[in-house]
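Input: a single structure, listed below in structure tokens.
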Amino acid sequence: MSDTLDVVLRLLAVFVAFLVLPLVVGQTEHKVMAHMQGRLGPMYAGGFHGWAQLVADGVKFAQKEDVVPAGADRRIFQMAPAVALLPYLLVLLAIPVGPGNAVGQTVDAGIFFVLAVMGVGVLGSLMAGWASANKFSLLGGIRTAGQLIAYELPMLLAAASVAMAAGTVSLPGIVDAFHWWWVPWQIVGAVVFFVAGLAELQRPPFDMPVADSEIIFGAYTEYTGLRFALFLLSEYAGIVVLCGLTTVLFLGGWHGPFGADGMGWLWTLLKTAVLAFVVIWLRVTYPRLREDQLQKLAWTVLIPLALAQIALTGVVKVVTQ
């Protein structure tokens, strides 16, 4: 009975985190962008510091009419938002936030599981682009497919590097094997993994699939109301997952500078929050890449760097053994 209760409580904690953390990231993005760019609107809703902006957005999406284009593949069109969002819930189940049982479900091949499931999430955009019966949506879907193919490989190679260093593909095992002297020689892999993850999430400056100045809003052009809100929520859930994975793989997860593993979950959340701030900061700072620049970055920069990181990891492992 106690084991069943423990599992239920862990699953409930993951579900609550899945519901709350993406909304916190979304609210933070409103505020950070308002401060950095001098936007007044997000600072007014509700009075003090615009605290009700997120509530206002939710009410706005709930009030909008749910429209399905006449020529659309109705079933695929309606399924796409859920396909884009739900894989991130499964990934959160496998990300450890602390030592011991502070994980929804321990997966032995965790690194393969999370990367495979994250790739499924991108299929939601492909489904939306195909099913919308709209040429701009289809162009967005094609760009999404090209971006997935280009950036999945460097992301996998960077993750393979840290798995080689730890000698395991289990996420808790990687954190347990972590040493602080890993950071300098795994930093290239961390940057490659983080940048490739941003591209898979279609976050600026890698948001060519939803380039509003070219193709309206890409695969999501025909979506309104709560279905459109689910796509936005999947983006913020993806940010949480990407930052959490980067923390676990490259920044030591729950290990803190003072050795306070009893507060390990706090260190994990703090590192994740800092990385989420970096994601927002990049959106405000850099202009959108052209499609050719985006592909060139993946194939001529990130993949060679990831391969070099694997070679370096192999050398370090041989020397240190």
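Predicted model, so just to flag it, every value in this text is computed and none were measured. Heads up: numbering here begins at 1 and tracks the sequence.
- Atom-to-atom distance recorded for F231:CZ and Y223:OH is 4.5 Å, nearest 0.5 angstrom.
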Evaluation steps, side-chain contact (heavy atoms from CB on, under 4.5 Å), between F113 and L171: CA-CA 10 Å; F113 172 79; L171 294 179; over 6 Å; no
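- We find the NE2-OG1 distance between H255 and T247 to be 12.5 Å, quoted to the nearest 0.5 Å.
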Candidate pair E222 and F77, rule side-chain contact (heavy atoms from CB on, under 4.5 Å), full reasoning: CA-CA 9 Å; E222 296 289 357; F77 184 88; 4.0 Å; yes
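- Looking at every heavy atom in both residues, L115 comes nearest to E152 through O-OE2, 3.6 Å.
- Under the 3.5 Å distance criterion, with hydrogens and angles disregarded, no donor-acceptor pair is assigned to the side chains of Y220 and S132.
- Each of V114, L92, V117 was compared with P87 under the side chain to side chain contact (heavy atoms under 4.5 Å, CB included) criterion, and only V117 meets it.
- Note on L233 and I280: separate hydrophobic clusters, where clusters join Ile, Leu, Val, Met, Phe, Trp and Tyr whose side-chain heavy atoms are under 4.5 Å apart, directly or indirectly.
- Screening T272, I111, I95 against L245 for a side chain to side chain contact (heavy atoms under 4.5 Å, CB included) leaves a single residue, I95.
- Across every non-hydrogen atom of V83 and G124, the tightest pair is CG1-N, 3.8 Å.
- The number of heavy-atom neighbours closer than 6.0 Å to CE of M79, taken from other residues, nucleotides and ligands shown, is 12 or below.
- Within 6.0 Å of the NZ atom in K60, the count of heavy atoms belonging to other residues, nucleotides or ligands exceeds 12.
- Taking 4.5 Å as the limit, some side-chain heavy atom of F178 sits within range of a side-chain heavy atom of V183.
- Under the 4.5 Å side-chain criterion, counting only non-hydrogen atoms from C-beta, C243 is in contact with V279.
- Counting non-hydrogen atoms of other residues, nucleotides and ligands closer than 6.0 Å to CG of D66 gives a total above 12.
- Between atom CE of residue M208 and atom CD of residue E291 there is a gap of 5.0 Å, rounded to the nearest 0.5 Å.
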V316 vs Q186, side-chain contact (heavy atoms from CB on, under 4.5 Å): CA-CA, chis, key distance, verdict: CA-CA 11 Å; V316 172; Q186 288 290 338; over 6 Å; no
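- Other residues, nucleotides and ligands contribute only 12 or fewer heavy atoms inside 6.0 Å of the CZ atom of F112.
- Side-chain contact between Y88 and V240 is absent, with no heavy-atom pair separated by less than 4.5 Å.
- Summarising the geometry of V107 relative to A94, their closest heavy-atom pair is CG2-CB, 4.2 Å, with the distance given to 0.1 Å.
- Transitive grouping of hydrophobic side chains (ILVMFWY, heavy atoms separated by less than 4.5 Å) brings L275 and V162 into a common cluster.
- Connection of M33 to F206 is not established within any shared hydrophobic cluster, with ILVMFWY side chains joined at heavy-atom distances below 4.5 Å, either directly or through further cluster members.
- Taken from CH2 in W281 to CD in E29, the straight-line distance is 15.0 Å, to the nearest 0.5 Å.
- Of the listed residues (D207, I239, V241), just one forms a side chain to side chain contact (heavy atoms under 4.5 Å, CB included) with L201, and that residue is I239.
- Few gaps surround CH2 on W182; more than 12 heavy atoms of other groups in view lie less than 6.0 Å from it.
- Contact detail for A158 and G189: the closest heavy-atom pair is CB-O, 3.3 Å.
- There is a path of hydrophobic side-chain contacts, each under 4.5 Å, that joins L230 to V25.
- Taking OG1 of T144 as the reference point, atom CG of L139 lies at 10.5 Å (rounded to 0.5 Å).
- At a threshold of 4.5 Å between non-hydrogen side-chain atoms, the residues R203 and L282 do not count as touching.
- In this structure, V97 and T268 approach most closely via the heavy-atom pair O-OG1, 2.9 Å.
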Residue pair Y151, L297: steps toward the side-chain contact (heavy atoms from CB on, under 4.5 Å) verdict: CA-CA 9 Å; Y151 283 89; L297 175 66; 3.7 Å; yes
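- Residues Q202 and E235 form no side-chain contact, since every pair of their non-hydrogen atoms from C-beta on lies 4.5 Å or further apart.
- When side chains are defined from C-beta on, F18 counts as touching L85, because their heavy atoms get closer than 4.5 Å.
- The closest side-chain heavy-atom distance from L148 to E200 is below 4.5 Å.
- Checked by atom type, the side-chain pair T313/S161 shows a donor-acceptor distance below 3.5 Å.
- The hydrophobic clustering, which links ILVMFWY residues whose side-chain heavy atoms are closer than 4.5 Å, places M155 and L157 apart.
- Side-chain contact between V284 and H35 is absent, with no heavy atoms from C-beta onward closer than 4.5 Å.
- Between W265 atom CH2 and L270 atom CG the span is 10.5 Å, to the nearest 0.5 Å.
- Looking at every heavy atom in both residues, P22 comes nearest to Y236 through O-CB, 3.5 Å.
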